[in-house]
Amino acid sequence: EAVSTRPIRRATLLPHDELCPGEPMTGLRDDQVAQYRRDGYLSPLSALSPLDANRYRTELEAFEAEIGGKVTSGAADEKYRYRLHTLLPWAHELATLPNVLDVIESVIGPDILIYMTTFFIKEARTAAITSWHQDATYFGLRPYEHISAWIALSPATPESGCMQFVPGSQALGQLDHRAHADAKILNGASQKLTGAYDADSAVSAPLAPGEFSLHHTLTIHHSSANHSDDRRIGFAVSYIPARCRHLGETRRAPAMLVRGRDTYVHFDLEAPPREGHEAEAARMHADSYARYRANYNDQVALVTEFGEARV
């Protein structure tokens, strides 16, 4: 499928000391790392200025106009919601912000791969939700060291459906889920958590445009419907250390090395998209998405048949 060859404008990012007045963000403090390991999430952190967040939103909405529909509306091909860091230079730039990578390195070390990027968008005054779930369920990654950075490009508030986390729930391990539970669910398998957990202890994590949250792959979380008059736009980046591997036996999984070295060679490494090479990027993205989706569907089938604890 053709993708526009219009030149992509690169966002001009503000220096770190303008993002975080007083002290540049070069990673997490020891107490913040300890808090993340205790609670399974950390929020809010600064990724971008509000101005730069709006510039990325503008890039997204221009791209949606080109492909003929909003990426989560059903009007556009589903592949354009996922793995855009392999297709569009601006999405790759957003997924590899140096100050965000510094934070990720504080948690998982210097050898960092991007396994996935996903837009989680709730249109204004719509019923779409993400139900209570754990990200690890159908990703098929071991060990459980996958960490998600969720970057807000519009206000994520209780009214618009910001995320809620159950503190410490990553310590429960992998719990049971049911796939295809509700068509309103934005997750790839419309999954819903069925294992025991304490939803009453959940904490809301509102984000302003340009802020981001971190959460562990086993942390239980959800978000409710958007009752506001604006789109709630989040760009989720799934980072893994190079030591992680994928359980799939049918095909190798793709991933992109964005910092450090990959001495394990567990994944087929992807190249970043290049301006002026849009046709090449389109082919790469289509292949990348197809392999990711096939692996994901395999994990959904395995977990449905055998259960999380035995996969």
Side-chain angles (χ1 to χ4, degrees), residues 25 28-29 31-47 100 103-104 106-108 115-122 128-139 141 143-178 181-182 184-228 232-240 308:
M25 174 174 280
L28 296 177
R29 303 185 307 269
D31 62 309
Q32 290 175 307
V33 174
Q35 182 180 347
Y36 170 81
R37 299 200 188 285
R38 181 192 70 215
D39 294 340
Y41 77 97
L42 193 64
S43 182
L45 298 164
S46 293
V100 174
V103 168
I104 300 302
S106 299
V107 178
I108 65 173
Y115 181 67
M116 185 63 174
T117 56
T118 308
F119 270 106
F120 284 95
I121 302 174
K122 297 176 182 176
I129 63 168
T130 57
S131 66
W132 292 106
H133 69 284
Q134 296 167 303
D135 291 345
T137 307
Y138 303 127
F139 270 6
L141 297 169
Y144 291 114
E145 295 187 76
H146 158 219
I147 182 171
S148 292
W150 199 99
I151 304 170
L153 300 187
S154 68
T157 65
E159 182 186 20
S160 68
C162 66
M163 283 196 290
Q164 291 186 301
F165 299 101
V166 177
S169 55
Q170 78 282 1
L172 297 173
Q174 181 66 68
L175 301 177
D176 287 331
H177 290 65
R178 179 164 62 90
D182 189 331
K184 298 193 302 294
I185 297 173
L186 284 172
N187 304 91
S190 299
Q191 66 265 37
K192 181 178 181 180
L193 184 61
T194 59
Y197 62 97
D198 180 15
D200 291 339
S201 66
V203 177
S204 292
L207 297 171
E211 291 183 329
F212 72 106
S213 62
L214 298 179
H215 64 271
H216 186 271
T217 191
L218 290 171
T219 299
I220 296 170
H221 59 290
H222 93 130
S223 63
S224 56
N226 182 1
H227 300 291
S228 78
R232 193 221 63 171
I233 305 173
F235 185 64
V237 189
S238 297
Y239 300 100
I240 55 174
E308 276 82 4

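Numbers here are sequence positions counted from 1.
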(message) Pairing donors with acceptors under 3.5 angstrom, does anything connect the side chains of Thr137 and Gln174?
(response) yes

(request) Quick one: closest heavy-atom pair of Ser228 and Asn226, and the distance? (result) OG-OD1, 2.7 Å

(request) For the residue pair Leu45 and Val103, establish whether any side-chain heavy-atom pair is separated by less than 4.5 Å. (result) yes

(message) Has Lys122 got a side-chain atom pairing as donor or acceptor with Ser224's backbone, closer than 3.5 angstrom?
(response) yes

(message) For a 4.5 angstrom cut-off between non-hydrogen side-chain atoms, does Pro209 reach Pro155?
(response) yes

(message) To the closest 0.5 Å, what do you measure between OH (Tyr36) and OG (Ser106)?
(response) 11.5 Å

(request) Return the minimal non-hydrogen interatomic distance between Ile220 and Gln134, and the atom names on each side. (result) CG1-CG, 3.9 Å

(request) Report yes or no: does His221 contribute a side-chain atom to a donor-acceptor pair with the main-chain N or O of Thr219 at less than 3.5 Å? (result) yes

(request) Kindly state each residue pair satisfying salt bridge (charged side-chain N to carboxylate O under 4.0 Å, His left out) with at least one member in residues 156-168, sequence neighbours excluded. (result) none

(message) Please report the interatomic distance CZ(Arg37) to NE2(His216), rounded to the nearest 0.5 Å.
(response) 8.5 Å

(message) With heavy-atom distances below 4.5 Å as the criterion, would you say the side chains of Phe212 and Trp150 are in contact?
(response) no

(message) Quick one: does any side-chain atom of Glu211 pair with a main-chain N or O of Ser43 as donor and acceptor, under 3.5 Å?
(response) no

(request) First locate atom OG of Ser223, then atom CZ of Phe165, and finally report the distance between them rounded to the nearest 0.5 Å. (result) 9.5 Å

(request) Without swapping roles, check the side chain of Ser154 against the backbone of Ile233 for a donor-acceptor pair under 3.5 Å. (result) yes

Side-chain donor-acceptor contacts of residues 201-208 below 3.5 Å, not counting sequence neighbours, with atom names and distances?
residue : atom : partner : partner atom : Å
Ser201  : OG   : Asp198  : O            : 2.9
Ser204  : OG   : Gln164  : NE2          : 3.1

(request) With rounding to the nearest 0.5 Å, note down the distance linking CD1 in Ile240 to CD1 in Ile108. (result) 8.0 Å

(message) I'd like to check Val237 versus Ile104 (side-chain heavy atoms, cut-off strictly below 4.5 Å). Are they in contact?
(response) no

(request) Kindly compute the distance separating CD (Gln35) from OH (Tyr41), expressed to the nearest 0.5 Å. (result) 7.0 Å

(message) For His215, is there any backbone N or O sitting under 3.5 Å from a side-chain donor or acceptor partner on Gln170?
(response) no

(message) If we count only N and O atoms by modelled type, under 3.5 Å, do the side chains of Ser148 and His146 hold a donor and an acceptor together?
(response) yes

(message) I'd like to check Leu42 versus Val33 (side-chain heavy atoms, cut-off strictly below 4.5 Å). Are they in contact?
(response) no

(message) With rounding to the nearest 0.5 angstrom, report the OH to CG distance, Tyr115 to Asp135.
(response) 12.0 Å

(message) Using only atom types and a distance under 3.5 Å, with no angle test, would you say the side chain of Arg232 pairs donor to acceptor with the backbone of Phe120?
(response) yes

